[in-house]
Amino acid sequence: MGRHEERSSEAPGTVTVAGLEVPVVTATTVVVGTGSAGFCAADRLWELGQTDVVMLADKVHAGASRNAGSDKQTYYKLTLSGGDGDSVHEMATTLFAGGAMDGDNALAEAALSARAFLRLCDLGVPFPQNRWGEFIGYKTDHDPRRRATSVGPYTSRTMVEKLEAKVARNGTRVFGECRVVDVITRDGEVAGLLALRTDVPHDGERSPWLLFRCTNLVYATGGPAGMYATRVFPNGQWGASGAAYRAGVQGKNLTEWQFGLASTKPRWNVSGSYMQVLPRFVSTDAEGGDEREFLTEAIDDYGRLLSMVFLKGYQWPFDIRKARDGSSLIDLLVYRETVLRGRRVFLDFRRNPVREQLDPSALSDEAREYLDRAGCLFGTPIQRLRHLNEPAYQFYLDKNPYVDLETDLLEVDVCAQHNNGGLLVDAWWQANLPGFFPVGEAGGAHGVYRPGGAALNSGQVGATRAAIYIAARRGDAPPDDATFAAAAAPVLQAAVGLTEAATGRHSAGAADNTADLLTGVQELMSAKAGPVRSAESIAEALAAVRSLLARYPQDVVADPGSRRAVNRVFLVRDILTSAYVYLSAMADYVAHGGRSRGSVLYTDRAGELPHVGHGPLADTELELPEEFRFALDGGALDEEIQEVGWVAPGATLPEAPDEHAWRAGADADLDDPAGTPVFRWRPRRPIPADDDFFENVWREFREHGNVP
Ligand SMILES: Cc1cc2nc3c(=O)[nH]c(=O)nc-3n(C[C@H](O)[C@H](O)[C@H](O)COP(=O)(O)OP(=O)(O)OC[C@H]3O[C@@H](n4cnc5c(N)ncnc54)[C@H](O)[C@@H]3O)c2cc1C
């Protein structure tokens, strides 16, 4: 048994901090998050010999990997079949071409993609192979080859289940019901983490606090999904990025989210077959009355309207480049109904759009030929769906709440689905805080665009890179008792103080406001900082969030008898912190001259309005709201990366690692009780040049494993 293993097999010890005896779990590496990225990191560490690992999560079975998917959930990797050419460099170039992505991350994601993928196959993820063992691929969005593959709607769930089973076989301990409160640092390095036990009553005998002491934190907490009300992230996926910002970890490309059409009850992307069978889009008032087909208000050509809906099937994310007169105009028209007009939008599979009978002759050649080949040029949308893809119909019957598309309308909206940006990562997925490794969606490895499936690959690659680095370079013992107690004391005291103040106000008669604060910030973010944003809407939301955060210690009220309410004290703080950092990033992006790109329309009064028309209506009747006026960025900022940090009240600006200094906003006050957002723009790191002389690489590999 190795040194590391002995440490983690000990029963949790305790530390006494400020008179409180708090249990402490000690391990060389603590992995936070039990999604596909977290389990991969834990398993890789174990395989690399660093067996002194523990994991924790708020809910072990929560997270996007386990609970999200789509009709064909995609995994992206190097071509492993057929006669098509491909190379590591070419795949890295594809990833890099998404804009604002660092080249070393792109190269590592390409280089390790086959290794990460084959590992999953060996663990039992049934990626399809032909009789010769070739892993056949298909072409996904932003993919010049056929690098994509899938095991069906639940690719990431299958991955997480197989990885989890392996981690269980390794014997790694997993602590559930642990909400991240704060990251603990000492001397500018990771020292541990403070968690709140959400299964322990706050007013009971047992301590609801749990401390983790470690040398390394692998942060696999997923995207900060809790920030948006309108989201297709599964229930229970919140994220914990706020705690990282509070500890001085910085973020990059935070402005870059993916939004797209999804059903909201249950949450699921309505891509692929759901669009290809040409459902009818209707909106109603809040009570479900005043039903009308609204797409025709902007697209009055029948054939064009149908062809655009068809295209949404495989042009799923909202892409501003397709919003002028392409399929993403559909997202904008849905957004107009829900956000600007306060109505509800539904897909109706019972009836054909616009006309009673489908008129195939009006369809684009592409749509007609596809539906013809599938034998689907008949009947109603539901008849076509059940003919084309019966499991897609059955899917909604199996959900809770279930929807029978034969008889029910399916409510949809333009939902937040994925954050391309996230916490800063270097070529080994280490952040600016030594010992802190954000992997998976919590980390910000992507740029503006990414091929479908690249998120799942990035999670596996980042986890593997972090594990290799930790196993090679960061095996030191965690801080000793006294050092750790000194580092943990202020963090624990602050958390206890915040809880006592919040629950004390409740005992004095104030009503619990944690639920209202949570929905308030989520709805604000979706209304002002979602797929359509403007300098004004961002400024408005930023001012509101800044003031909520500044006043939070005085304003939050939690019912001490409710575990959920006490849990929300830290959840809401985390979300407010994230929202503050993200909104600041958006404001700085606009101030830097940033225009519409990726999945976001930044209103530009000097820009143009989308326009389709081509039917009988006059241009004035087809007019769209001024919010939809925009100018494309056209790749102008592809070579630059925006980094954003949060500085605690009274602290100073961080030091930059290069000549691109950190700066605060023009009217910033470093004593602001909400903290101060700081920014810098730097050129992106290029794709590293080939280092391919075998003897040299081999010698270096023998000497230090090529881990610097
Ligand atoms: C509808 C949908 C479809 C998608 N389709 C694709 C696709 O086809 N291809 C693709 O590549 N990607 C896709 N994605 C994205 C991809 O699924 C995610 O990026 C990926 O699964 C994230 O994995 P992860 O391990 O980083 O995080 P997650 O799987 O989200 O896990 C996060 C973990 O952290 C824990 N956690 C979160 N907050 C806290 C906290 N405050 N305290 C303690 N623990 C916490 C959670 O409980 C969970 O265990 C899709 C996403 C969605 C929502």
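Because the structure is predicted, anything quoted here is derived from the model rather than measured. Counting starts at 1 for both ligands and their atoms, following the listed order. These values consider heavy atoms only, across backbone and side chains, with no hydrogens, waters or symmetry-generated copies.
Here's the thing with Ala442: none of its N/O atoms is less than 3.5 angstrom from an N/O atom of ligand 1. Not a single N or O atom of Gly63, backbone or side chain, sits closer than 3.5 Å to an N or O atom of ligand 1. The N/O atoms of Lys59, backbone and side chain alike, include one that comes under 3.5 Å of an N/O atom in ligand 1. Considering backbone and side-chain atoms alike, Lys72 places every N or O at 3.5 Å or more from each N or O of ligand 1. Note: an N/O pair closer than 3.5 Å links Ala37 and ligand 1 by distance alone. Inclusion of Trp238 in the set of residues having an N or O under 3.5 Å from an N or O of ligand 1 is not warranted.
Set against the non-hydrogen atoms of Ala220, the atoms of ligand 1 under 4.0 Å away are 32 (C), 33 (C), 34 (O). In summary, the atoms of ligand 1 found under 4.0 Å from a heavy atom of Val180, numbered by their order in the structure, are 42 (N), 43 (C). Which parts of ligand 1 touch Gly35 is read off a 4.0 Å heavy-atom cut-off, strictly below it: atoms 25 (O), 29 (O), 31 (O), 49 (O). If you number the atoms of ligand 1 from 1 as listed, the ones under 4.0 Å from a heavy atom of Ser65 come out as 20 (C), 21 (O), 22 (C), 23 (O), 24 (P), 25 (O), 28 (P), 29 (O). Counting atoms of ligand 1 from 1 in the listed order, those under 4.0 Å from a heavy atom of His418 are 15 (C), 19 (O). In the vicinity of Val232, heavy-atom distances shorter than 4.0 Å reach the ligand 1 atoms 1 (C), 53 (C). Those atoms of ligand 1 with a heavy atom of Gly440 less than 4.0 angstrom away are 26 (O). Atoms of ligand 1 lying under 4.0 Å from any heavy atom of Ala68, numbered from 1 in the order shown and given with element: 1 (C), 2 (C), 52 (C), 53 (C).
Residue, atom and distance of the protein heavy atom nearest to atom 13 (C) of ligand 1 are Gln73 NE2, 4.0 Å. Of all protein heavy atoms, the one closest to atom 11 (O) of ligand 1 is Leu456 N, 2.9 Å.
Contact annotation: Gly459 has no heavy atom less than 4.0 Å from any atom of ligand 1. Put simply, part of Ser36 is less than 4.0 Å from ligand 1, judged by heavy atoms.
Side chains of Asp512 and Thr514: a donor-acceptor N/O pair is present below 3.5 angstrom, by distance only. In summary, the side chains of Asp71 and Ser271 do present a donor paired with an acceptor at a separation below 3.5 Å, with no hydrogens or angles considered.
A donor-acceptor distance shorter than 3.5 angstrom exists from the side chain of Ser526 to the backbone of Thr230, with no hydrogens or angles considered. Proximity of a side-chain donor or acceptor of Asn420 to a complementary backbone N or O of Gly444 within less than 3.5 Å is not detected. Using modelled atom types, no side-chain atom of Ser562 and backbone atom of Ala558 make a donor-acceptor pair closer than 3.5 Å.
Residue Asn269 touches ligand 1 through its side chain alone, judged by heavy-atom distances below 4.0 Å. Of the heavy atoms in Cys178, only backbone atoms (N, CA, C, O) come closer than 4.0 Å to ligand 1. Residue-level proximity to ligand 1 for Gln417 is carried by backbone and side chain together, each with a heavy atom below 4.0 angstrom.
The nearest non-hydrogen atom to atom 19 (O) of ligand 1, considering only Gln237, Arg267, Glu441, Gln460, comes from Glu441. Looking at Asn420, Thr34, Asp71, Asp58, it is Thr34 that brings a heavy atom closest to atom 49 (O) of ligand 1.
Seen from the ring of Trp429, Arg465 does not count as a face-on cation partner, given the 6.0 Å and 45° thresholds.
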Subject >> Evaluation steps, side chain to side chain contact (heavy atoms under 4.5 Å, CB included), between Asn457 and Phe117 >> reply: CA-CA 8 Å; Asn457 175 57; Phe117 172 76; over 6 Å; no
**OP:** Verify side chain to side chain donor-acceptor pair (under 3.5 Å) between Ser150 and Gln73, making sure each step is shown before the conclusion.
**Re:** CA-CA 6 Å; Ser150 173; Gln73 199 190 12; over 6 Å; no
Subject >> Stepwise side chain to side chain donor-acceptor pair (under 3.5 Å) check, Arg147 with Tyr76 >> reply: CA-CA 6 Å; Arg147 298 189 182 116; Tyr76 197 65; 2.9 Å; yes
Original post:
Do Lys77 and Leu118 pass the side chain to side chain contact (heavy atoms under 4.5 Å, CB included) test, and can you show the C-alpha distance, the side-chain angles, and the key distance before you say yes or no?
Top reply: CA-CA 10 Å; Lys77 46 118 196 74; Leu118 294 171; over 6 Å; no
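Ion pairing of Arg197 with Glu177 is absent here, as no side-chain N (NZ or NE/NH1/NH2) approaches a carboxylate O to less than 4.0 Å. Of the charged side-chain nitrogens involved, at least one lies within less than 4.0 Å of a carboxylate oxygen, so that Asp102 and Lys252 count as a salt-bridged pair. Salt bridge Arg450/Asp141: absent, no basic N to carboxylate O contact under 4.0 Å. With respect to Lys312 and Asp331, a salt bridge is recorded, a charged nitrogen being found less than 4.0 Å from a carboxylate O.
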